[in-house]
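Below, chains carry the letters A, B, ... as their sequence lines are ordered, and counting in each starts from 1.
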Amino acid sequence: MLEKEYYPSKIEKKWFDIWEETKPYKADNNSAKPKYYALSMLPYPSGKLHMGHVRNYTITDVIARFKKAQGYNVLHPMGWDSFGLPAENAAIEHNANPQTWTLDNIAYMKTQLKKLGLSIDWDREATTCLPDYYKWTQWLFLQLYKKGLAYKKTAPVNWCKKCHTVLANEQVIDGKCWRCDSEVTKKNLSQWFFKITDYSEQLLGDLDKLDGWGDNVKTMQANWIGKSEGTILKFKVKEIEGLEIPVYTTRADTCYGITYLVVAPEYPDIEKLTTPENREAVENYRQNAKKLSEIERLSTERIKTGVPLGTHIINPFTGRVCPVWVADYALVDYGTGAVMAVPYHDERDFDFAKKYNLDMVQVVTGPDFEADKVYVNKEGTLINSGKFDGMKYEQAKKAISEYAIEQGFGEFKTQYRLRDWLISRQRYWGAPIPIVYCPDCGEVAVDEKDLPVLLPTDVDFSVKGKSPIETSESFRHTTCPKCGNTKAIRDMDTMDTFVCSSWYYMRYTDAKNDKECFNKEIIDKWMPVDQYVGGIEHAILHLLYSRFFTKALRDMGLLSFDEPFKNLLTQGMVLKDGSKMSKSKGNTVDPDEIYKNFGADTARLFILSDSPPARDFDWTDAGVEGCFKFICRVYRLYEKFQNNIKLDYNFDVKNLSKKDDDFVRQVHIAIKKITNDIQNEFQFNTVISSYRELTNTIYEYIKQENEINYDVLSFALLSLLKLISPVCVFLSEEIYASLGGKESIQELPWCKYDENLAKNSMITLIIQINGKIKDKIEVESDLENSKLEEIAKSAPKTAEFIEGKQIVKTIVVPNKLVNIVVK
RNA sequence: GCCGAUGUGGCGAAAUUGGUAGACGCACCAGACUCAAAAUCUGGCGUGGUUCACCCCACGUGCCGGUUCGACUCCGGCCAUCGGCACCA
């Protein structure tokens, strides 16, 4: 029996306990049903769930439940991205162990997730900071290492002083650390990299295959990879026999306009290229450039500076002798680190040439050319360019490049902006890099059978200025896996946490496997992920790294798919009072409070209402209450009729009264609308509108109690119950059980609708004269066009408007309108 | 500068993809129930005009123009907001 009133906390506690016992959400690796993999981006166990999590996981959960009801074998797992800096900082602050802090948080948040009623298969939980997981992260590192995709090199890398570690390029946002927002500097260090650049072309090209991704994310990735096609040209240095400076250009068409050359301050041959009388000035300039922060260096506002090196190159096209300068507007790690300068046709070169009074030669012209202004228009025509005069951009670029290739000083070159992924971190709380340095053998990989390389526990977290891991002497010293030398030492760095999260969705498919990372047959069965849901902030970082991992593992034969995530839904932010919820703004809402006061079903219902998933969602207290009231309204309906509802209702649609027939049609219309809205774009806001409409319709139907057909009413109420069951999971379960349902309502198949019944028997016919609405008439649906035309023409209002005029033509839209065009 | 997304009542939004603009809700207003309040129920709610009132009329989807019998929807040109990339040669 349902109680008189709806008490969410009581009902939800009851089902929470039952589900703990029965574990109803198992994904079956051997099912014959079609598979569906629904995935949420795994959370970082920061301590408490926030509303962004609630939104993310509710969306995925509703999708998972809907697909299950449609007959799919659904995989809906969850895990913890549990390595990372906050745990280590908390440990330093409280002199505790990062593992304790992390596992405590996980335990608490896991309960919060369960209270939210998520249909997760917890037996597949993956926790990246535990040895049974990071063992395989290390194993994957070794596979990449074997393939030459993990390598160590000394390079100027991004360094965050506050986090005391290096960062990948993707983790530097506007010259600042992605995590702590403090300024990033450059440091020369020997570090591990993953060779993601080997996959630049595939990562870019395969974006076209991702129909289920938004253009915004695809564009962001394409921008980040940054492909450009150009030419490398090699210029002989006049003063030094045998020395050449190669440059990369996409404007080979402007080669006749080169008047000087610029190299980056870090350019390798710069000392050779500097004449003794310029040495001091150049050295000063390079020292200054080093001091600049990334933000200053990359600012386009900055006034360009540079000094001449004293040497020259000869432009092979014109024979012109051009001075070589050093200037920090040339970047050492893009192209060749040197650029050809064509002041008349490049804004940067123009500014620089003006400032230092360097020569300018015009080689492109067009109707909008103005003397004394830079001209970058690609529509222009070549002049002063010898035999290439008169050509346009595309043609000239090709012809000049080909000429340079023929003459042996040029080659075509495709250039990417993407850099290799720096994965070393000078921190404790991460997966140790499984590499040993032996005095005899040098760099040696740890044997696979010796994995995992466990994190040491004898560390001092209070040390300043170095990684806590360095304080562990037991960890540092080891024996060489190759020669047994006992003087070997371990790599003291750990891996970027993004390495751990680049493959977690693969582990879920076979989470308990202690022999392999995952089984190939099983992963090929489940993958790719059918629907991935998460925040836009991972548009580049996590999503690009995961795509790289997938392609690399595919090439090793470990799996057989090209892309990990078939469909991607990037959910909007949860806002309150117009700004993002954050602790510092004090506008957060605690899920526990909502559970306590209104129940998780209210939270789930509200977070899906009002805004489509991809858009930002504004949290309002009034909105929560509105959803709670709606749930109460639904509950009262079942409470009132609990003794009249028949699970085995039966009626013949052909023998219904007009009122019952209309009512049944409304139910079919709702089923159709809700099914389509979930299926197509996960438009949960309109799904919830339809819940309300159907509920209102039912309330309308029961007004005349003596006219109620209880079979028809049962059909309506049971349909509504199933329709809301993916969203209001506790409520629907409680009601269905109290009505005598034997199984869980989640086990029932999704509602079916009849195409013929999913429309009204009467429609409103719109009558337009010259496209203006003049009248509306109720008519039967599905009438012939000729009949509709006849009705429209004989309507009393129509006569008024066509009086004395000539009918030019009549347009009939079936079941919609008739438009009479008159003159 | 290049690229992407968005722009509809006081607010969140909807519109079967060219066919009644504003569904559903929030807020607000009025009424019923109540000693009263809450809860619940009923009704109203784009702007302007006209009318005692019902009606009716005009305008209205960022701006300007176009295609069409008919445009939130398609085309051309702008503007604004948000996001990504950017001394990338």
Side-chain angles (χ1 to χ4, degrees), chain A residues 5 173-174 214-228 230-231 247-251 254 262 264 297-302 304 327-331 333-342 345-349 351-352 376 415-417 536-537 539-540 575 578 606 609-612 614-627 629-630 632-633 636 669 672-673 676-677 683 685-696 699 703 759 763-773 775-776 808-822:
Chain A
E5 268 186 71
I173 314 290
D174 294 332
D215 285 340
N216 53 345
V217 178
K218 286 195 276 188
T219 312
M220 280 159 79
Q221 292 214 352
N223 282 344
W224 187 260
I225 296 166
K227 180 177 179 173
S228 86
T231 315
V247 302
Y248 173 75
T249 181
T250 54
R251 290 302 302 270
T254 62
V262 178
R297 171 87 192 260
L298 294 176
S299 167
T300 49
E301 308 293 308
R302 250 180 82 235
K304 291 179 182 40
D328 61 9
Y329 80 88
L331 307 173
D333 52 0
Y334 186 80
T336 61
V339 284
M340 62 183 224
V342 186
H345 306 292
D346 181 281
E347 282 180 40
R348 296 153 302 192
D349 301 343
D351 292 346
F352 195 80
V376 292
Q415 185 72 40
Y416 300 90
R417 215 190 61 94
I536 187 77
E537 67 274 17
I540 294 171
L575 311 175
F606 179 51
S609 66
D610 284 350
S611 296
R615 234 182 280 183
D616 286 350
F617 177 86
D618 209 353
W619 183 278
T620 58
D621 295 336
V624 182
E625 278 171 48
C627 284
K629 284 179 188 172
F630 170 70
C632 293
R633 190 167 143 84
R636 283 197 300 274
I669 289 169
K672 181 178 178 180
K673 168 97 174 115
N676 288 341
D677 283 357
Q683 271 200 48
N685 53 328
T686 55
V687 167
I688 287 160
S689 295
S690 300
Y691 292 166
R692 291 177 182 274
E693 274 178 325
L694 181 57
T695 306
N696 291 345
Y699 266 98
K703 265 186 184 165
K759 57 190 170 198
I763 56 118
T764 309
L765 183 69
I766 306 298
I767 299 174
Q768 296 184 333
I769 308 291
N770 292 342
K772 298 263 182 197
I773 297 159
D775 205 0
K776 300 173 186 179
V808 183
K809 67 170 160 178
T810 312
I811 293 115
V812 182
V813 182
N815 283 332
K816 284 264 164 59
L817 63 76
V818 177
N819 185 14
I820 302 167
V821 186
V822 298

Checklist entry - Do we see a donor-acceptor contact under 3.5 Å between the side chains of A/Thr686 and A/Asp677? => result yes
Where do N or O atoms of nucleotides 80-83 of chain B meet protein N or O atoms at under 3.5 Å, pair by pair?
none

Item to check | Nearest listed nucleotide, side chain of A/Asn819, among B/C85, B/U20, B/G70 | outcome: B/G70
Would you list the atom pairs, donor with acceptor, under 3.5 Å between side chains in residues 333-341 of chain A and any protein atom, with sequence neighbours excluded?
| residue | atom | partner | partner atom | Å |
| --- | --- | --- | --- | --- |
| A/Asp333 | OD1 | A/Arg419 | NH1 | 3.4 |
| A/Asp333 | OD2 | A/Arg419 | NH1 | 2.9 |
| A/Tyr334 | OH | A/Ser228 | OG | 3.3 |
| A/Thr336 | OG1 | A/Pro246 | O | 2.6 |
| A/Thr336 | OG1 | A/Ala338 | N | 3.3 |
| A/Thr336 | OG1 | A/Ala338 | O | 3.2 |

Under 3.5 Å, sequence neighbours excluded: what are the donor-acceptor pairs made by side chains of residues 614-626 of chain A?
| residue | atom | partner | partner atom | Å |
| --- | --- | --- | --- | --- |
| A/Asp616 | OD1 | A/Met573 | N | 2.8 |
| A/Thr620 | OG1 | A/Gly623 | N | 3.1 |

Item to check | With sequence neighbours excluded, residues passing salt bridge (Lys or Arg N to Asp or Glu O under 4.0 Å) with A/Asp610 | outcome: none
Item to check | Syn/anti state for B/G9 [syn: chi within 90° of 0] | outcome: syn
Checklist entry - Does A/Gln683 put a side-chain nitrogen or oxygen below 4.0 Å from OP1 or OP2 of B/C24? => result no
Next on the checklist: Please enumerate all residues that pass ring pair (Phe, Tyr, Trp, His ring centres under 6.0 Å) together with A/Tyr329, with sequence neighbours excluded.
Outcome noted: A/Phe352
Checklist outcome for this item: Hits for salt bridge (Lys or Arg N to Asp or Glu O under 4.0 Å) against A/Arg251, two or more places apart or cross-chain, chain-then-number order -> A/Asp253
Checklist entry - Taking only N and O in the side chain of A/Asn696, is any of them less than 4.0 Å away from OP1 or OP2 of B/G25? => result yes
Please write out the pairs of protein N or O atoms and N or O atoms of nucleotides 21-23 of chain B separated by less than 3.5 Å, giving the distance to one decimal.
| residue | atom | partner | partner atom | Å |
| --- | --- | --- | --- | --- |
| B/A23 | O2' | A/Glu693 | OE2 | 2.6 |
| B/A23 | N1 | A/Ser689 | OG | 3.3 |

Next on the checklist: Run the salt bridge (Lys or Arg N to Asp or Glu O under 4.0 Å) test against A/Asp346 and tell me which residues pass, sequence neighbours left out.
Outcome noted: A/Arg348
Checklist entry - Which way is the base of B/U73 turned, syn or anti, if we draw the line at 90° from 0? => result anti
Checklist entry - In dot-bracket notation, what is the pairing pattern of RNA chain B, taking Watson-Crick (N1-N3 plus N6-O4 or O6-N4) and G-U wobble (N1-O2 and O6-N3) contacts under 3.5 Å, with [ ] crossing and | for other strands? => result (((((((..(((......[....))).(((((.......))))).((((......))))..(((((..]....))))))))))))....
Next on the checklist: What's the closest nucleotide to the side chain of A/Asn216 if the choices are B/G84, B/G4, B/U16?
Outcome noted: B/G4
Next on the checklist: Taking side chain to side chain donor-acceptor pair (under 3.5 Å) as the definition, give me every residue that meets it alongside A/Lys218, ordered by chain and number, with sequence neighbours left out.
Outcome noted: none
Next on the checklist: Under the rule for salt bridge (Lys or Arg N to Asp or Glu O under 4.0 Å), what residues qualify as partners of A/Lys759, not counting sequence neighbours?
Outcome noted: A/Asp782
At a cut-off of 3.5 Å, list every protein nitrogen or oxygen paired with a nitrogen or oxygen from nucleotides 39-49 of chain B, distance to 0.1 Å.
| residue | atom | partner | partner atom | Å |
| --- | --- | --- | --- | --- |
| B/C41 | OP1 | A/Arg633 | NH1 | 2.6 |

